[in-house]
2 protein chains.
Amino acid sequence: MFEARLVQGSLMKKFMEAIKDLVKEANWDCTGTGISLQAMDTSHVSLVSLLLRSDGFDPYRCDRNISLGINMESMAKIMKCASNDDVITIRSEDHPDNVTFVFESPNQEKVCDYEMKLMDIDSEHLGIPDTEYDAIISMPASEFQRICRDLSNIGDSVKITCNKDGVQFSAQGDTGIGKIALKQNAVIDKEDGQVSIELNDPVSLTFALRYLTFFTKATPLASTVTLSVSAKNPVAVEYRVDDIGYIRYYLAPKIEEEEEN
Amino acid sequence: MFEARLVQGSLMKKFMEAIKDLVKEANWDCTGTGISLQAMDTSHVSLVSLLLRSDGFDPYRCDRNISLGINMESMAKIMKCASNDDVITIRSEDHPDNVTFVFESPNQEKVCDYEMKLMDIDSEHLGIPDTEYDAIISMPASEFQRICRDLSNIGDSVKITCNKDGVQFSAQGDTGIGKIALKQNAVIDKEDGQVSIELNDPVSLTFALRYLTFFTKATPLASTVTLSVSAKNPVAVEYRVDDIGYIRYYLAPKIEEEEEN
DNA sequence: TCCTTTTAAG
DNA sequence: CTTAAAAGGA
């Protein structure tokens with residue numbers, strides 16, 4: 001059987017919120033090392049990758065590797081039935097037709113039990129990039145969310161330009177031009193609330209704000225977001241979640257022709 | 001060139017919120033004494049007058065009088081990209097096609113730069129009344145907002161009746177009649193949180209609540225609002241903003257025939 | 001202008 | 001933690 005108990009159930013709720021707008025259905029792959037999911041978004045433009053390590057659960061038991069084919073909308077609906085302080089347990093058989101979600105209130109007085117039908121989903125081959133990056137930018141997740149929201153008022157895409165002094169986000173549209181410059185902090189790298197940049201090569205790339213805005217649904221999961229940028233390669237947008245894993249999004253840059261439209 | 005730096009940038013955001021629902025486009029007139037704006041609302045019923053004195057900015061520089069023709073909706077969108085604690089700088093050339101808004105975070109780590117196209121706007125002649133008033137009523141701005149909101153539930157217009165004892169706001173509609181009476185406080189005039197009345201002549205006039213409600217969008221700008229009322233003349237609704245200026249609205253009373261409708 | 005979201009208080 | 005009020009976004 002498979003059983004994974006997550007004491008901080010609110011995390012599972014947040015992970016679900018961070019995926020459901022992008023991916024309609026996907027396989028949750030459960031193995032001894034943990035639960036992982038990779039999927040393209042519905043329009044096959046961006047890619048989501050999720051990892052929940054087994055040591056983030058207590059207990060975690062996986063007798064046999066299984067792949068749970070899940071309709072995200074249905075699972076999101078069920079997750080909304082969990083309170084933020086509930087303990088969430090995911091359970092299924094070795095050859096499952098169903099998955100069960102159990103929500104237990106902290107005082108043990110309320111136990112909710114939701115059984116959801118599974119589906120057969122062809123696991124598509126996903127080329128998850130494994131690149132050296134030209135620049136790795138860390139910043140407060142809320143700040144990145146704010147930048148994406150603000151620049152969406154100006155235009156459809158954002159140009160991210162990174163050099164040793166800092167990073168600039170810019171957009172243009174009918175009403176004018178917007179530019180947001182962040183200086184790198186002089187303090188030790190990756191401290192919370194700080195902008196830090198590891199730079200190998202200066203880089204300037206353009207991305208569709210629509211997708212970046214979807215990615216920022218993960219903001220409640222982490223205080224810091226990391227953008228790993230590389231010329232002509234997809235950007236990786238990562239939210240690391242303490243003690244359990246991460247959610248990563250990948251999005252290819254717009255090529256020059258598209259930029260000029 | 002023209003450059004005006006406002007340390008308390010949130011003020012500019014609030015001024016924008018106080019205008020944008022009423023006026024679609026207007027000229028911001030920039031001179032050595034400050035920035036002013038006068039405009040009729042879209043339906044040409046009420047009038048807005050705004051003054052931001054140069055001494056409220058630091059620094060303020062205006063080499064040549066200029067008139068910035070601004071689409072309020074676009075500017076409002078840009079102002080929403082400023083955080084409340086940002087320092088806002090407005091900048092343009094002597095013969096500008098564009099205006100630039102710069103938002104600097106207090107710690108200087110984030111600098112946003114929005115460039116907006118200007119438009120040519122015919123400056124209409126505005127008959128701003130310069131009247132002796134029969135009554136000048138000061139009251140907490142939030143109280144006036146509450147009165148307008150409450151009476152909007154009852155009817156479309158409010159009758160403001162002022163005599164030496166106090167001021168009464170009344171509305172009637174299909175469901176009945178609502179009356180709100182405020183007594184003048186016995187304390188020294190114009191202390192914050194107090195109702196005070198300077199009365200020359202008792203007066204009773206009726207106004208469209210729709211517009212008064214628009215005016216109360218300026219409530220966050222000031223703790224006190226002043227209503228200057230005069231028989232048969234437009235009421236002036238003024239919000240004075242410490243150290244920088246004011247926003248004033250003018251609205252003609254309904255005449256008797258309309259009142260009876 | 002209305003609704004969702006976020007935050008503050010009980 | 002639940003509810004309610006205020007703020008922000010659509």
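Chain letters run A, B, ... following the sequence lines, proteins first and then strands; every chain starts at 1.
Checked against ring-ring contact (aromatic ring centres under 6.0 Å, His included), F103(B) has the following partners two or more places apart in sequence or in another chain: Y114(B).
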Can you give the donor-acceptor pairs under 3.5 Å from side chains of residues 75-88 of chain A to other protein atoms, not counting sequence neighbours?
from, atom 1, to, atom 2, distance (Å)
D86(A), OD2, S83(A), N, 3.0

Under 3.5 Å, which donor-acceptor pairs link side chains of residues 175-183 of chain B to any protein atom two or more places apart or in another chain?
none

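Within the structure, side-chain hydrogen bond (donor to acceptor under 3.5 Å, both in side chains) contacts touching residues 4-22 of chain A (residues at least two apart or in different chains) are E17(A)-K20(A).
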Look for any protein N or O under 3.5 Å of an N or O in nucleotides 2-10 of chain D and output each such pair with its distance, or none.
from, atom 1, to, atom 2, distance (Å)
dG9(D), OP1, R149(A), NE, 3.1
dG9(D), OP1, R149(A), NH1, 2.2
dG9(D), OP1, R149(A), NH2, 3.4

What does the list of N/O pairs under 3.5 Å between the protein and nucleotides 3-10 of chain C look like, with a distance for each?
none

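When only modelled atom types and interatomic distance are considered, Q38(B) and S49(B) share a side-chain donor-acceptor pair under 3.5 Å.
Of the residues K110(B), E104(B), E109(B), the one that meets the side chain to side chain donor-acceptor pair (under 3.5 Å) test with N107(B) is E109(B).
Between F215(A) and Y249(A), the ring planes are parallel. Angles under 30° get that label, and only those over 60° would be called perpendicular.
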